[in-house]
Amino acid sequence: MLPIFGRWHQVSGIWSGIGFWPHIARLLLAVDAAACRSHNQPANTMNRRTFFHSLAAGAFGGPWVFQSRAAATLGRELAADLIILGGGTGGCAAALAACRAGLRVILTEATDWIGGQLTAQAVPPDEHPWIESFGCTRSYREFRDGVRAFYRERYPLTPEARAQRHLNPGNGWVSRLCHEPRVALAVLDQMLAPHLSGGRLTILLEHVPVAAETDGDRVRAVQVEDRRSGTRRTLTAPLFVDATELGDLLPLTGTEYVIGAEAQRETGEPHAPAEPEPGNQQAFTWCFAVDYLDGEDHTLDRPAEYDFWRNYVPHLTPPWPGPLLSWKTTHPVTLQPREAAFDPTLKVAGLNLWTYRRIAAAGQFAPGTYRSDISLINWPQNDYWLGPLVDVPAEEAARHLARAKQLSLSLLYWMQTEAPRSDGGTGWKGLRLRGDVVGTTDGLAKAPYIREARRIRAEFTVLEQHVSTEARMAATGKAREEVTAESFPDSVGVGAYRIDLHPTTGGKNYLDLSCLPFQIPLGALIPRRVENLLAAAKNIGTTHITNGAYRLHPVEWNIGEAAGALAAFCRARKAGPRQVRNTPKLLAEFQQSLRQQGFELEWPRVHPL
């Protein structure tokens, strides 16, 4: 029953990020069922192999299974000290910070795996070059150490691999820590387990926000819906955190936000367009994992949209070099054509996409552990940019999601049947889709990899001029080896990555700019008007451009952890987030508490990226 006081906001016919499930769950289940049939695996059935992988999932992530089942026994109205909507990377970090301070927390997650881009989206961490030494929070380092410890304790590594201090299980060259998503899930499970057992944390899996009650500039309650049962629950707390993948809570609460590209006249950014382009949003990607079994045939049934994607030539500015399904792509920095090689047998020299995001290198484990390497496919060739997901009708968003799945399946089918090989042959029939690795029956990740969300109209917005190497050199007159990013007095953490924008739904090719190691300003987490809502993921106060540097794993973790720590600090000091930022004494105390918790608030002297 809805409360009769305040105002309830509900988006009707608009897809709110990963919270699209109440509107289009049936469509996506139909898509999944069709994919199962194309892989000769019936939907909603469990064969012997799936059964054992389900047991493994339980062994790796017991509390999540328990919490999902326990949701059926919970009441319709739940209260806590903090409500975190979105159990992705930022949401998990926020829950950790708040729970260790003693807060009672309710964390919701749209899928049945917490972790977001680390798990449900299946993307190994994208990190900066100093990550093994500094440049992240203590708890993020504990997560990374936990991944390595999990492999050392539970996997039969070779003596050489076990001896590596900085073990990289997949030896992928995109990251110093390429790992399977289930392992990340297990480590997050372990990190949150004491808080689950202690009763401080309740996790509502497969729950999405569908409505919110507001009273003036405050959020009073959020209503969430159980994706499986349709049951709705009302969540109340003094403070709310939006850690959803696309900023789902912002339209529901009436919080002011921005989508797409801002106009240059608003931001002054050198690379911003002359006019606002709200529909110009970064591509998203439906990732998948494959191994390769030489001599076997694991070719998919021909995907329904294969003919379209096989002949599709992107219409981008500057131009794409040819068909999307090709080994020739655009170099992100130079925008010139670049050709890569692909060979799962590792007999080709040069840039080999097989090892790019490889998450299991069979040679690092005892013989027989893996029949093959496992590679995670998150490439330019399966970036989907034919339409946005944010603030479009539910049917349109559903169509883009379904087509993105078709693109990924078409890419794999092309790789199996028509892709040119360096030995003169065509296709790699032994490529096998590994749905068991990502926890799905259709073989694709549980959720699409999201790069850009709704962004709050924040107390402070990070601009290109604050972090871009070239822009800072122009503003300060300093040389490249001397220039630093803008210093933020309200820093709550640090991050570093190039400004990396993938091709967009507005027809723009890559924008990849040198970026300086930066700070995360507290003002970017706080909306201009709403008093008790914090942003904790890709929805903070960045622009379309600077989001390209602030969207990666360790940065999102830091953002979320800072939000959770701020919630605890506000409760202890009986102050609001805006008051903490704008009161020098409170801000200094909060920043000192962050340092004591293992946050790094500034960078040593390092070079631009």
Side-chain angles (χ1 to χ4, degrees), residues 123-124 126-129 170-176 178 271 282-288 290 309-359 373 375-386 404 407-408 410-416 418-428 431 449 451 468-470 497-515 545 548-549 551-552 608-609:
V123 181
D126 287 301
E127 300 171 327
H128 58 71
N171 264 346
W173 46 272
V174 72
S175 171
R176 289 165 171 76
C178 286
H271 289 87
Q282 280 201 72
F284 68 93
T285 307
W286 221 302
C287 304
F288 59 93
V290 291
W309 292 112
R310 180 179 180 272
N311 297 304
Y312 172 65
V313 178
H315 299 287
L316 299 176
T317 305
W320 195 263
L324 183 60
L325 299 190
S326 166
W327 298 131
K328 185 177 289 185
T329 63
T330 296
H331 191 291
V333 179
T334 67
L335 299 177
Q336 297 301 307
R338 176 176 69 173
E339 188 149 5
F342 176 81
D343 185 350
T345 68
L346 306 181
K347 295 176 183 177
V348 65
L351 183 68
N352 188 351
L353 286 174
W354 177 253
T355 57
Y356 176 51
R357 290 188 182 272
R358 184 174 56 186
I359 56 176
D373 294 348
S375 188
L376 194 282
I377 311 303
N378 173 24
W379 299 345
Q381 292 92 332
N382 60 329
D383 278 359
Y384 181 91
W385 53 68
L386 293 191
L407 169 57
S408 287
S410 294
L411 171 60
L412 176 56
Y413 185 78
W414 175 80
M415 291 161 61
Q416 292 171 325
E418 295 191 74
R421 298 167 47 145
S422 59
D423 62 6
T426 56
W428 302 88
L431 289 172
Y449 175 40
R451 295 183 177 88
S468 161
T469 304
E470 298 301 323
Y497 206 75
R498 289 180 66 88
I499 294 176
D500 174 21
L501 274 68
H502 283 232
T504 69
T505 57
K508 305 293 178 61
N509 211 327
Y510 285 101
L511 178 66
D512 193 306
L513 306 173
S514 175
C515 187
I545 292 174
R551 63 181 175 81
L552 288 311
L609 295 176

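In what follows, every heavy atom counts, from backbone to side chain, and hydrogens, waters and symmetry copies are set aside. In this text the structure is predicted, and so the values were computed from the model without any measurement.
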Novice: Are the aromatic ring centres of W286 and Y449 under 6.0 angstrom apart?
Specialist: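 Between W286 and Y449, the centre distance exceeds or equals 6.0 Å.
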Novice: Quick one: closest heavy-atom pair of H502 and Q282, and the distance?
Specialist: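 For H502 and Q282, the tightest heavy-atom pair comes out as N-OE1, 2.7 Å.
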Novice: When rounded to the nearest 0.5 angstrom, what distance separates OG1 in T285 from OH in Y384?
Specialist: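 It is 12.0 Å, given to the nearest 0.5 Å.
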Novice: Taking the side chain from Q416 and the backbone from L431, do they hold a donor-acceptor pair closer than 3.5 Å?
Specialist: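 Side chain of Q416 to backbone of L431: a pair is present.
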Novice: Please confirm whether W414 and W327 have ring centers closer than 6.0 angstrom.
Specialist: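 Here the rings of W327 and W414 have centres that are less than 6.0 Å from each other.
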Novice: Check whether any side-chain N or O of T330 sits under 3.5 Å from a backbone N or O of W320 as a donor-acceptor pair, and report yes or no.
Specialist: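 Flag not set: sc T330 to bb W320 has no pair under 3.5 Å.
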Novice: Any salt bridge between D423 and K347, counting N to O under 4.0 Å?
Specialist: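 So D423 does not pair with K347 through a salt bridge.
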Novice: Verify, without hydrogens or angle tests, whether D343 (side chain) and S422 (backbone) share a donor-acceptor contact under 3.5 angstrom.
Specialist: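 Such a contact is absent between D343 side chain and S422 backbone.
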Novice: Do side-chain atoms of N509 reach the backbone of L316 as a donor and acceptor pair under 3.5 angstrom?
Specialist: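 Checking the backbone N and O of L316 against the side chain of N509, no donor-acceptor pair under 3.5 Å is found.
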Novice: Within the side chain of S514, is there an N or O that forms a donor-acceptor pair under 3.5 Å with the backbone of L609?
Specialist: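 Yes: the side chain of S514 pairs with the backbone of L609.
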Novice: Any salt bridge (charged side-chain N to carboxylate O under 4.0 Å, His left out) involving residues 315-334? Give me the pairs, sequence neighbours left out, ordered by first then second residue.
Specialist: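 Applying salt bridge (charged side-chain N to carboxylate O under 4.0 Å, His left out) to every pair that reaches into residues 315-334, excluding sequence neighbours, yields nothing.
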Novice: Could you go through the side-chain hydrogen bond (donor to acceptor under 3.5 Å, both in side chains) check for S175 and R357 one step at a time?
Specialist: CA-CA 8 Å; S175 171; R357 290 188 182 272; over 6 Å; no
